[in-house]
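The next block holds one structure in the form of structure tokens; read it before the comments.
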Amino acid sequence: MTLNRRSFIGTGVAAAATLSAPMVLAASHGKPRVVVVGGGAGGATAARYIAKGAKGAIDVTLVEPTRKYYTCFFSNLYIGGFRQLASIGHTYGTLAAEYGINVVHDWAIGVDRDARTVSLAGGAKLPYDRLILSPGIDFVDGAVPGWDVSAQNAMPHAYKAGSQTELLKAQVNAMPQGGTFLMVAPPNPFRCPPGPYERVSMVAHALKATNPTAKIIIADPKPKFSKMALFQEGWGRHYDGMIDWIGDDFGGGNVEVDPGAMTVSIDGEVTKADACNVIPAMKAGRICEQAGLTEGNWAPVSGHTMQSRIDENIHVLGDSCAQGDMPKSGFSANSQAKVAAMAIRGALTGSKVFPAKFSNTCWSLLETNDGVKVGATYEATDEKIAKVDGFISKTGENAALRQATFEESVGWYAGITADMFG
Ligand SMILES: Cc1cc2nc3c(=O)[nH]c(=O)nc-3n(C[C@H](O)[C@H](O)[C@H](O)COP(=O)(O)OP(=O)(O)OC[C@H]3O[C@@H](n4cnc5c(N)ncnc54)[C@H](O)[C@@H]3O)c2cc1C
């Protein structure tokens with residue numbers, strides 16, 4: 001590890017922030033300034049790639065409230081008992097110490113687009129030449145009647161990983177014999193299209209071992225879902241009779257919950273749940289709305305550079321943006337971050353910029369060593385990020401191929417988290 005003045009400053013700010021309101025150092029040296037809001041899949045990657053590529057020519061500040069980021073990717077495997085929680089937690093020390101990124105643990109609460117400053121909850125104002133927003137998702141108010149965040153202890157969403165994921169796992173483990181796990185699935189578009197169905201597979205895996213007469217019900221507002229044939233084949237093979245999917249055709253979208261009574265009404269029929277996972281409709285992280293960058297629920301961007309179509313000084317990455325044909329995934333956010341980092345370095349330091357190319361793969365674990373995947377490559381057109389070609393696992397694949405697919409996903413996790421957090 002190399003320590004220089006910039007990395008010392010970065011580390012010092014991170015440490016100071018744990019003790020008091022964050023300290024922000026004014027950029028008095030005339031270097032271009034990039035502020036990144038959100039230290040998740042998109043933001044951490046972008047900060048690292050800008051700092052690494054610019055070799056000190058750009059000041060990079062990363063604003064992220066949490067000291068430890070738990071990846072949603074592989075959080076379902078934690079629920080299934082395949083991973084420890086600690087193995088999906090990542091800190092920001094390497095970004096500060098090795099890449100000289102000024103890590104500020106605080107919330108961004110406003111963007112003054114004329115003055116080009118970001119306001120933080122702690123009272124500081126950060127000036128920028130380019131701003132990156134990658135704040136993930138928030139939930140649409142009133143999307144599931146009866147549910148709001150004050151009910152997330154009784155009925156967790158576990159769609160932002162960490163304490164919510166721990167809570168959901170504990171609730172699954174505490175279910176009585178023969179009890180009911182109920183999931184309210186979200187409408188499109190949402191973070192990680194196969195995520196709810198991988199989660200059901202992992203809950204079924206956990207219950208099969210300790211509570212084999214338990215039932216799983218999914219109330220879904222959609223008529224079909226990602227990798228549906230693969231999931232349904234896997235559920236039939238591994239968890240026969242345990243999982244009941246109620247799609248839109250059967251009233252799966254007509255849901256009301258009562259967190260106090262732990263009941264869910266699906267198309268008028270009331271079911272008592274022993275554990276209930278409510279995943280509401282989603283929208284861009286709130287700071288995108290506060291900055292006036294959204295149209296509808298998402299922030300429109302140009303796929304060439306990931307610049308907001310509303311403000312060219314701001315790039316929006318990951319789940320918050322309207323990303324054309326790409327699914328909202330960690331892999332997508334990482335891929336978009338590299339495109340934005342290249343464009344920003346080009347604009348601020350004159351480095352070479354190549355045409356934007358993107359890729360994504362979403363792996364899902366159905367049962368021990370039974371992994372499946374779907375993926376594609378993409379390019380930027382003037383209208384959107386457009387799919388070029390894709391691939392998907394097939395039903396009926398042999399056990400060796402499924403195991404290889406699972407092992408590929410384990411390698412991907414190690415590689416992509418190193419690419420994000422250093
Ligand atoms: C159960 C589940 C399984 C998944 N599995 C996969 C998978 O296998 N593969 C895959 O590629 N993807 C997967 N995903 C999706 C993936 O987690 C997201 O698509 C990805 O994290 C999006 O990256 P992001 O940068 O947009 O948001 P995030 O990674 O959520 O990062 C956003 C960050 O911004 C911070 N933030 C928010 N608001 C502010 C603010 N105002 N100020 C400062 N900071 C702020 C948050 O604290 C957070 O750390 C899964 C998701 C879920 C829920």
Side-chain angles (χ1 to χ4, degrees), residues 22 35-47 61-80 88 90 92 103-111 118-122 126 132-138 157-162 164-165 168 183 186 189-203 226 277 279 282 284-291 298-299 306 316-321 323 326-337 340 359-365 371-375 409-410 412-413 416-417 420-421:
V35 174
V36 182
V37 171
T45 307
T61 296
L62 176 64
V63 183
E64 163 61 48
T66 63
R67 271 75 176 164
K68 190 175 251 188
Y69 169 86
Y70 288 96
T71 59
C72 283
F73 24 112
F74 276 33
S75 66
N76 287 330
L77 274 62
Y78 159 71
I79 291 173
I88 60 168
H90 303 272
Y92 297 93
V103 179
V104 177
H105 289 301
D106 203 347
W107 287 95
I109 54 166
V111 177
V118 179
S119 306
L120 305 186
L126 295 172
I132 295 177
L133 299 182
S134 193
I137 48 119
D138 272 302
H157 53 78
Y159 238 63
K160 299 182 184 188
Q164 275 279 298
T165 325
L168 187 65
M183 171 186 280
F190 64 98
R191 159 177 280 187
C192 193
Y197 313 98
E198 181 188 58
R199 175 169 294 166
V200 160
S201 309
M202 293 295 92
V203 169
S226 173
N277 178 202
I279 311 174
M282 294 167 208
R286 201 168 302 280
I287 190 69
C288 294
E289 252 171 51
Q290 288 165 336
W298 310 103
M306 301 308 294
V316 185
L317 309 179
D319 293 351
S320 281
C321 72
Q323 48 193 285
M326 291 191 94
K328 295 184 185 299
S329 76
F331 199 144
S332 296
N334 169 266
S335 187
Q336 293 159 12
S359 52
N360 176 64
T361 302
C362 289
W363 287 268
S364 301
L365 186 60
V372 291
K373 63 181 174 180
V374 60
S409 75
V410 175
W412 166 81
Y413 184 92
I416 204 153
T417 50
M420 293 167 183
F421 301 98

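Throughout, residue positions are numbered sequentially from 1 according to the sequence presented. Here the structure is a predicted model, which is why all the values come from computation and not from measurement. Counting convention: from 1, in listed order, for ligands and their atoms alike.
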Closest protein heavy atom to atom 46 (C) of ligand 1, given as residue, atom name and distance to 0.1 Å = Glu64 OE1, 3.5 Å
Applying a strict 4.0 Å limit to heavy atoms, is Asp106 in contact with ligand 1?
-> yes
For Thr66, does its backbone N or O pair with a side-chain atom of His105 as donor and acceptor, under 3.5 Å?
-> yes
Listed partners of Thr45 passing side chain to side chain donor-acceptor pair (under 3.5 Å), at least two apart = Asn334
Specify the closest pair of heavy atoms between Met326 and Ser332, including all atoms of both residues, with the distance to one decimal.
-> CE-OG, 3.6 Å
Under 4.0 Å from a heavy atom of Ala333: give me the atoms of ligand 1 that qualify, with their elements.
-> 23 (O)
Between CG on residue Leu365 and CG on residue Leu77, distance to nearest 0.5 Å | 5.0 Å
Student check: side-chain heavy atoms of Glu289 and Asp138 closer than 4.5 Å = no
Against heavy atoms of Val63, which atoms of ligand 1 measure under 4.0 Å?
-> 43 (C), 44 (N)
Enumerated ligand 1 atoms positioned under 4.0 Å from heavy atoms of Ala108 = 40 (C), 41 (N), 42 (N), 43 (C)
Considering only heavy atoms of Lys328, which atoms of ligand 1 have at least one such atom less than 4.0 Å away?
-> 19 (O)
Looking at CZ of Arg286 and CH2 of Trp107, how far apart are the two atoms once the value is rounded to the nearest 0.5 Å?
-> 10.0 Å
Closest heavy-atom contact between Met420 and Ala41?
-> CE-CB, 3.6 Å
Taking Tyr159 for its side chain and Arg191 for its backbone only, find out whether a donor-acceptor pair lies under 3.5 Å.
-> yes
Mark the output for Gly285 as yes if a heavy-atom distance to ligand 1 is under 4.0 Å, and as no if none is.
-> no
Considering heavy atoms of the protein only, find what lies nearest to atom 7 (C) of ligand 1 and give residue, atom and distance to 0.1 Å.
-> Phe73 CB, 3.4 Å
By ring pair (Phe, Tyr, Trp, His ring centres under 6.0 Å), which residues pair with Phe74, not counting sequence neighbours?
-> Tyr413
Would you check whether Arg191 has a nitrogen or oxygen atom less than 3.5 angstrom from a nitrogen or oxygen atom of ligand 1?
-> yes
Per-atom filter on ligand 1: closer than 4.0 angstrom to a heavy atom of Gly318 are 26 (O)
Quick one: look up the protein heavy atom nearest atom 26 (O) of ligand 1 and list residue, atom name and how far away it is.
-> Asp319 N, 2.9 Å
Heavy-atom contact under 4.0 Å between Ser75 and ligand 1?
-> yes
To the nearest 0.1 Å, how far is atom 24 (P) of ligand 1 from its closest protein heavy atom, and which atom is that?
-> Ser134 OG, 3.7 Å
If we only count N/O pairs under 3.5 Å, is Ala158 in contact with ligand 1?
-> no
Say whether, by atom type as modelled, one donor and one acceptor occur between the side chain of Asn76 and the main chain of Gly195 under 3.5 angstrom.
-> yes
Could you tell me which atoms of ligand 1, counted from 1 in the order shown, lie closer than 4.0 angstrom to a heavy atom of Cys192?
-> 3 (C), 4 (C), 5 (N), 6 (C), 13 (C), 14 (N), 15 (C), 50 (C), 51 (C)
Nearest neighbour in protein (non-hydrogen) for atom 40 (C) of ligand 1 = Trp107 CE3, 3.4 Å
Thr361 (side chain) donor-acceptor with Val374 (main chain) under 3.5 angstrom = no
Angle class for the Trp363/Phe331 ring planes (parallel below 30°, perpendicular above 60°, tilted otherwise)?
-> parallel
Indicate the ring-plane relationship of Phe421 and His90, choosing parallel, tilted or perpendicular according to the 30° and 60° boundaries.
-> parallel
Ligand 1 N/O within reach of Gly330 N/O, cut-off under 3.5 Å | yes
Counting N and O atoms only, with roles assigned by atom type, does the side chain of Gln336 sit under 3.5 Å from a partner on the main chain of Leu317, one being a donor and the other an acceptor?
-> no
Ligand-side contact atoms (ligand 1) for residue partner Arg199, heavy atom cut-off under 4.0 Å = 1 (C)
protein heavy-atom neighbour closest to atom 29 (O) of ligand 1 works out as Tyr69 OH, 2.5 Å
Touching ligand 1 at all, Trp412? Heavy atoms, strictly under 4.0 Å?
-> yes
Does any N or O atom in Val37 lie less than 3.5 angstrom from one in ligand 1, N or O only?
-> no
Which residue owns the protein heavy atom closest to atom 52 (C) of ligand 1, what's the atom, and how far is it?
-> Cys72 CB, 3.3 Å
Shortest protein heavy-atom distance from atom 23 (O) of ligand 1, along with the residue and atom involved = Ala41 CB, 3.4 Å
